[in-house]
Amino acid sequence: LAWWDSSGQTLADGDTALTAAADALRSGHIVAVKGLGGFHLMCDARRDDVVRELRKRKHREEKPFAVMLPGLPAVCDADAALLNSRAAPIVLIARWPGCEVAEAVAPGNPSLGVMLPYTPMHHLLLLELGFPLVATSGNVSDEPICTDEREAVARLRGLADFFLVHDRPIARPLDDSVVRIIGDKPCVLRRARGYAPLPIPLVRPVANPILAVGAHMKTSVTLLVGSQAVVGPHVGDLDSLEARQAFTRAAHDLPALYAADPARWVCDRHPDYASSVFAREHGCNLVTVQHHHAHIASGMAEHGLEGPVLGLAWDGTGLGDDGTIWGGEFLRVERGSCTRVGTFRTFPLPGGDHAARKPVWSAVGLLHEYFPQDMPDIAAHLLGLPAAEISALLSVMNKAPRTSSVGRLFDAVAALTGICRSSSFEGQAAMMLEWRIRRSAESYGFALTRKQDLGVVDWGEALRGIVEEVGRGVEAEVISARFHRTLAEVAVAVAKEQPERRVMLSGGCFQNRYLTELCIQRLREEGFTPYWQHLVPPNDGGISLGQAWVASYVD
């Protein structure tokens with residue numbers, strides 16, 4: 001062990017280094033700690049002022065931080081088993097009685113992401129301190145985690161006051177895994193340390209290796225070899241140069257680890273994803289798979305299903321076969337084939353992909369679709385938008401892409417209820433809508449129509465009900481609960497129109513525990529067999545497995 005100052009100069013080593021780190025953390029300093037798969041930025045999780053300073057330095061305004069605890073908190077048996085498991089992941093759990101963790105660690109969030117020490121150094125440090133520490137990835141937001149101590153000094157200068165390092169080299173970066181109990185079973189939301197690259201057995205072995213490179217967000221790489229699907233660890237979003245370099249290493253590293261030479265490469269159908277560009281430049285015998293098909297296929301691969309199943313692929317965005325932005329899809333999937341049997345009514349999305357950080361834009365698009373004449377007045381009254389912004393959004397409405405995204409529906413409802421009108425991180429509005437639920441037995445109305453051979457869920461009646469209730473001052477907690485229940489009723493109504501009795505739930509919206517468990521409950525009550533993901537994330541972290549599984553059926 002060694003204790004360095006912010007410039008990388010050695011101040012102490014051995015036991016003295018550990019004691020110095022503990023003293024610095026007690027005093028409110030931010031320390032970069034080298035662990036098993038990279039660096040953590042650590043600080044006293046009890047102190048709001050220290051946590052806010054870390055947020056300022058890391059440019060991470062509101063996204064929750066993970067916490068490392070000195071011992072097991074007062075949680076249910078299922079959460080305790082996960083925390084104590086060999087994988088030792090971050091587990092999303094409700095705040096417990098006597099919780100010392102500051103509000104700034106997870107602002108407005110009734111849950112915390114917590115983990116226990118999982119290396120000898122972590123154990124010694126937490127034993128010395130006896131209080132919880134923020135343990136967030138050692139990077140600037142959206143960049144890959146630091147693994148080398150000299151690289152860490154260069155990249156984390158200005159973020160960390162000191163560095164606690166060791167001389168054990170890290171061969172491959174590895175983030176902490178994130179797990180949540182959904183439907184009484186663990187659901188991996190980020191698959192990394194402790195889970196990757198553990199293989200998933202295939203019901204149908206492949207003759208030649210297949211490499212799938214995932215999507216653009218929450219990327220992972222999957223290798224099919226023999227009777228195994230090897231899902232590599234979480235790489236992350238491919239927006240930065242550093243992230244794309246880490247992704248390139250992962251795409252080369254996984255086949256090398258298994259001494260495999262991929263005979264076929266697979267990528268998303270979106271041509272501009274960094275992973276798709278990489279596959280076109282470096283791959284062979286390239287297969288493209290539609291985004292939502294891959295979501296459902298990933299769940300089928302995990303559960304050993306060859307179909308047919310009815311897949312509910314609900315997420316924020318994915319390029320559809322018709323050029324629109326899909327995200328509320330009902331798919332019949334069997335082996336490598338996929339038929340779109342239903343979708344949500346589309347609406348214009350001003351700002352396109354940028355609307356993911358502007359929930360009010362989704363709300364304006366939704367209002368414009370259903371209340372074209374009254375939208376300016378409703379947007380001004382319920383959303384508080386100035387006339388100039390409404391006019392600007394109206395000017396681009398006819399050119400805006402159209403979307404069927406359930407994720408953007410969540411954003412719109414969060415904006416209309418005042419829960420979240422501007423997001424600082426991906427998925428924030430939907431998360432905040434889930435946090436505010438007050439259980440309700442009622443749902444809003446909706447209609448099922450047909451457009452040629454495609455079933456269409458018309459959300460118009462639900463939108464009208466939400467607008468009226470917001471105008472009457474109905475609590476956001478009640479509206480949120482009713483909106484979630486409406487989506488569960490939509491799932492059941494569409495399922496009843498299809499012959500399949502097995503229903504697969506996948507896509508980022510099914511990270512929402514309340515929504516997923518409500519869909520599971522209602523589908524079971526109506527005689528269906530629901531499936532949801534456990535070992536592979538329902539978000540885009542599971543896309544690569546679905547891509548590879550589909551490609552295995554291509555002649």
Side-chain angles (χ1 to χ4, degrees), residues 108-111 182-183 312 314-316 327-328 330 342-345 347 359-360 362-367 369-371 374 378-379 381-383 404-421 423 427-449 456-496 505 507-526 530:
N109 194 336
S111 299
I182 296 179
L312 275 58
W314 294 357
D315 64 0
F330 302 86
T343 188
F344 279 70
R345 175 180 173 178
F347 61 94
V360 288
S362 293
V364 168
L366 204 65
L367 293 170
E369 177 70 15
Y370 194 71
F371 302 105
D374 299 329
I378 297 174
H381 178 60
L382 296 187
L383 298 173
S404 58
S405 169
V406 173
R408 298 293 81 84
L409 285 178
F410 269 95
D411 288 352
V413 175
L416 286 167
T417 54
I419 289 174
C420 181
R421 289 177 175 163
S423 300
Q428 181 181 7
M431 289 170 61
M432 294 180 72
L433 202 62
E434 181 188 2
W435 301 342
R436 295 285 290 274
I437 287 173
R438 179 181 298 168
R439 293 187 182 274
S440 168
E442 301 175 349
S443 61
Y444 295 109
F446 59 90
L448 293 182
T449 62
V456 178
V457 178
D458 190 333
W459 36 257
E461 188 178 343
L463 176 63
R464 181 179 292 277
I466 290 169
V467 167
E468 289 176 353
E469 289 189 339
V470 172
R472 296 201 313 269
V474 175
E475 292 178 311
E477 290 82 355
V478 174
I479 295 173
S480 176
R482 293 185 66 180
F483 173 66
H484 280 78
R485 182 163 290 276
T486 302
L487 291 176
E489 295 305 321
V490 165
V492 169
V494 174
K496 285 182 175 179
L505 310 176
C509 291
F510 290 108
Q511 297 174 108
N512 181 318
R513 179 175 179 173
Y514 185 78
L515 173 66
T516 305
E517 291 182 345
L518 201 53
C519 286
I520 292 168
Q521 174 190 331
R522 288 293 296 118
L523 287 165
R524 283 176 172 166
E525 287 173 352
E526 298 295 336

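Both backbone and side-chain heavy atoms feed into the values below; hydrogens, waters and symmetry mates do not. Computed from a prediction, not measured in an experiment: that's the story for all the values here. We count residues from 1, following the sequence as given.
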Inset, instruction - Identify, with sequence neighbours excluded, every residue that meets side chain to side chain contact (heavy atoms under 4.5 Å, CB included) alongside Ala491. - result: Leu312, Trp314, Cys519
Inset, instruction - Starting at OG1 of Thr343, measure out to CZ of Arg345 and round the result to the nearest 0.5 Å. - result: 12.5 Å
Legend entry - From Leu523 atom CG to Lys496 atom NZ, the distance as rounded to the nearest 0.5 Å: 10.0 Å
Inset, instruction - Could you tell me whether the side chain of Leu515 reaches within less than 4.5 Å of the side chain of Phe410, counting heavy atoms only? - result: yes
Could you list the donor-acceptor pairs under 3.5 angstrom formed by side chains in residues 466-474, with sequence neighbours left out?
unit_1: Glu469; atom_1: OE1; unit_2: Tyr444; atom_2: OH; d: 2.6
unit_1: Glu469; atom_1: OE2; unit_2: Arg482; atom_2: NH1; d: 2.3

Inset, instruction - Answer whether the closest heavy-atom distance between the side chains of Leu463 and Val413 falls below 4.5 Å. - result: no
Legend entry - Salt bridge flag under 4.0 Å for residues Arg438 and Glu475: yes
Legend entry - Closest non-hydrogen atom pair, Glu442 against Arg485: O-CD, 3.3 Å
Legend entry - Donor-acceptor pair, side chain of Ser480 and main chain of Glu477, under 3.5 angstrom: no
Inset, instruction - Quick one: sort the Phe344 and Phe330 rings into parallel, tilted or perpendicular, breaks at 30° and 60°. - result: parallel
Inset, instruction - Please round to the nearest 0.5 Å and tell me the distance separating atom CG of Leu383 and atom CD1 of Ile378. - result: 9.5 Å
Legend entry - Minimum heavy-atom distance between Asp411 and Ala430, given as atom pair plus value: OD1-N, 4.1 Å
Legend entry - Distance (rounded to the nearest 0.5 Å) between Arg408 CZ and Ser362 OG: 5.5 Å
Inset, instruction - Examine the side chains of Glu517 and Gln521 and answer whether a donor and an acceptor come within less than 3.5 Å of each other. - result: no
Legend entry - From CD1 (Ile437) to CG (Asn512), nearest 0.5 Å: 6.0 Å
Inset, instruction - Evaluate the ring-ring contact (aromatic ring centres under 6.0 Å, His included) criterion for residues Tyr370 and Phe347: first the C-alpha distance (whole Å), next the side-chain angles of each, then the deciding distance (0.1 Å), finally the verdict. - result: CA-CA 9 Å; Tyr370 194 71; Phe347 61 94; over 10 Å; no
Legend entry - Set of residues satisfying salt bridge (charged side-chain N to carboxylate O under 4.0 Å, His left out) with respect to Glu489, sequence neighbours excluded: Arg522
Inset, instruction - State, yes or no, whether a side-chain contact exists between Trp435 and Ile419 at a heavy-atom distance under 4.5 Å. - result: no
